[in-house]
There are 2 protein chains.
Amino acid sequence: MTAAANRIRVALVEDDPPVRAGLRHLIDNSPSCVCVGAFGTGEEALAKIPGLDLDTVLMDIQLPGVSGIECIRRLRKLRPKLAIMMLTVFEDHDRIFQSLAAGASGYLLKQTPPDKLLEAIVELHRGGSPMSMQIARRVVETFQQPASGAEAATGLSPREKEIVAGLARGYLYKEIAAHLGISVETVRTHLHHIYEKLHVRSRTEAVMRVYGRPGAV
Amino acid sequence: MTAAANRIRVALVEDDPPVRAGLRHLIDNSPSCVCVGAFGTGEEALAKIPGLDLDTVLMDIQLPGVSGIECIRRLRKLRPKLAIMMLTVFEDHDRIFQSLAAGASGYLLKQTPPDKLLEAIVELHRGGSPMSMQIARRVVETFQQPASGAEAATGLSPREKEIVAGLARGYLYKEIAAHLGISVETVRTHLHHIYEKLHVRSRTEAVMRVYGRPGAV
DNA sequence: CGCGCAATCCCACAAACGTGCGATCGGCAT
DNA sequence: ATGCCGATCGCACGTTTGTGGGATTGCGCG
């Protein structure tokens, strides 16, 4: 029995053969990991991974046929406990968010140096969510938007933002009014303006616009 | 002009004097950072930080008086470009997301070893969002919830989830009914059940419960 | 088989909400 | 000073929601 028995069992999904071979070589030559599968398409991965004993998958986004994101979605249904990490050159909002929503637990850019990549695999396996620096910041920023960026982004005045916060808590107009020490009529006027600014026609739409999870629904 | 001129200028907000002194010592003895302020309360930090030339702030959550989270909120108003990192023992959902929503760019647990802490300060200063492994996973999981876990988490039936999705889009009952090919009365009945299950009393509350950004509001 | 439960439909009433107006006041910029 | 804008208050009207009943169908589970 060699040390390989205790290594993290990794599979690759990457369409570029040289890159795939390089990653395989890197992983097999590390003390902590072993590559138990390397696939060039999502279809191939989906067909063969269920038969493998493995812990984590490194996934490219841009694949011929089934995209890496769709591949994650299906892999998660087949093997919910699998830890999947994106490894890609893309860092646009949509692809980051869609990958995470599909079930990726980590997101590394391909510029990541080899030693950091191996570290990330270990961290992923230990229950972490390794992300490249740029990705982590993007993720964190989505939480900050309602607090700091909403004003500039939505054009709401401070008072109007307070009103929307009341809406989000499910307060009635009269409750918002009491909370802010103003009359219900004023609340209604503010709402009138808020709806115009946000181009919505109901409290629910307004709240979603300001506090909704990006991409949800 | 010493090397200190190029170091990252850090301030501390931490109420425990020994811990504060230890951190100060750690930072001052690192080649990359220098501690330019150490405060025991949020009030003190808010009063003195505006007069300091600094890049980043390390913030404890539990402070006497103004909480660390409130302190972040106010600091961000005073100095929007400041990079703030939480340094705390708490890893509960509310405190993590309230901190991020308030404007924290990083979140480390106090168990972080000293060398990792210094690395994190550098990464923060370079535009990253260092998070302890546990924190990163919690953050990533919030994006996964709407895709996979919402059903189990809320106890809503598939049909009921469709209804809530309609609410989140701001649809009127009649629009939801048309969209799903059922009558308005049925929509109302479903809503009745949904409100009971989620313990809410309005569409806005229901939508926030299912689609709201965690910690927002 | 009966029981529970999701899903469907119906009614009536009260409360809350959205819309369109008009109006005053203070601050800030032109 | 003139004018714009945010914040405040008011009213009328129609629409939408929330609440509290009642009722049927079909499906799965013990």
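Heavy atoms only: backbone and side chains are in, while hydrogens, waters and symmetry mates are out. Here is the naming used below: chain letters follow the sequence lines, and residue numbers restart at 1 for every chain.
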| By side-chain contact (heavy atoms from CB on, under 4.5 Å), which residues pair with B/S30, not counting sequence neighbours? |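 With neighbours one apart ignored, the set is B/S32, B/C33, B/L118.
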Under 4.0 Å from OP1 or OP2 of [N]: is there any side-chain N or O of [X] that close?
| X | N | answer |
| --- | --- | --- |
| A/Y173 | C/dA15 | no |
| A/Y195 | C/dG18 | yes |
| B/R203 | D/dG18 | no |
| A/R201 | C/dT19 | yes |

To the nearest Å, how far apart are [X] [atom1] and [N] [atom2]?
| X | N | atom1 | atom2 | result |
| --- | --- | --- | --- | --- |
| B/H193 | D/dG21 | NE2 | P | 13 Å |
| A/K197 | C/dG18 | NZ | P | 17 Å |
| A/E205 | C/dC17 | CD | C1' | 14 Å |
| A/K174 | D/dG18 | NZ | C1' | 13 Å |
| B/H192 | D/dG18 | NE2 | C1' | 8 Å |
| A/R159 | C/dG27 | CZ | P | 16 Å |
| B/I176 | C/dA7 | CD1 | C1' | 16 Å |
| A/L198 | C/dG18 | CG | P | 13 Å |

| said: Closer than 3.5 angstrom, by distance alone: can the side chain of B/R20 be matched with the main-chain N or O of B/E14 as a donor-acceptor pair? | reply: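 Between the backbone of B/E14 and the side chain of B/R20 there is a qualifying donor-acceptor contact (under 3.5 Å).
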| task | Mind checking salt bridge (charged side-chain N to carboxylate O under 4.0 Å, His left out) for A/E162 and listing every partner two or more places apart, or none if nothing turns up? | result |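 By the salt bridge (charged side-chain N to carboxylate O under 4.0 Å, His left out) rule, A/E162 matches A/R159.
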| query | Do B/R74 and B/E70 sit within salt-bridge range, that is, some charged N less than 4.0 Å from a carboxylate O? | reply |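 So B/R74 pairs with B/E70 through a salt bridge.
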| message | Applying salt bridge (charged side-chain N to carboxylate O under 4.0 Å, His left out) as the test, list every pair that has at least one member in residues 96-105 of chain B; sequence neighbours left out. | response |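 Output for this query is empty, none listed.
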| task | Can you tell me which residue pairs pass the salt bridge (charged side-chain N to carboxylate O under 4.0 Å, His left out) test with a partner in residues 177-196 of chain B, sequence neighbours excluded? | result |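 Of all non-adjacent pairs touching residues 177-196 of chain B, those that pass salt bridge (charged side-chain N to carboxylate O under 4.0 Å, His left out) are B/E185-B/R188.
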| said: Near DNA chain C, counting only heavy atoms under 4.0 Å, which residues of residues 179-191 of chain B show up? | reply: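 Heavy-atom contacts with DNA chain C come from B/I182, B/S183, B/E185, B/T186, B/R188, B/T189, B/H190.
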Would you be so kind as to tabulate the donor-acceptor pairs closer than 3.5 Å made by side chains of residues 121-129 of chain B, with sequence neighbours excluded?
| from | atom 1 | to | atom 2 | distance (Å) |
| --- | --- | --- | --- | --- |
| B/S129 | OG | A/R137 | NE | 2.9 |
| B/S129 | OG | B/S105 | O | 2.7 |

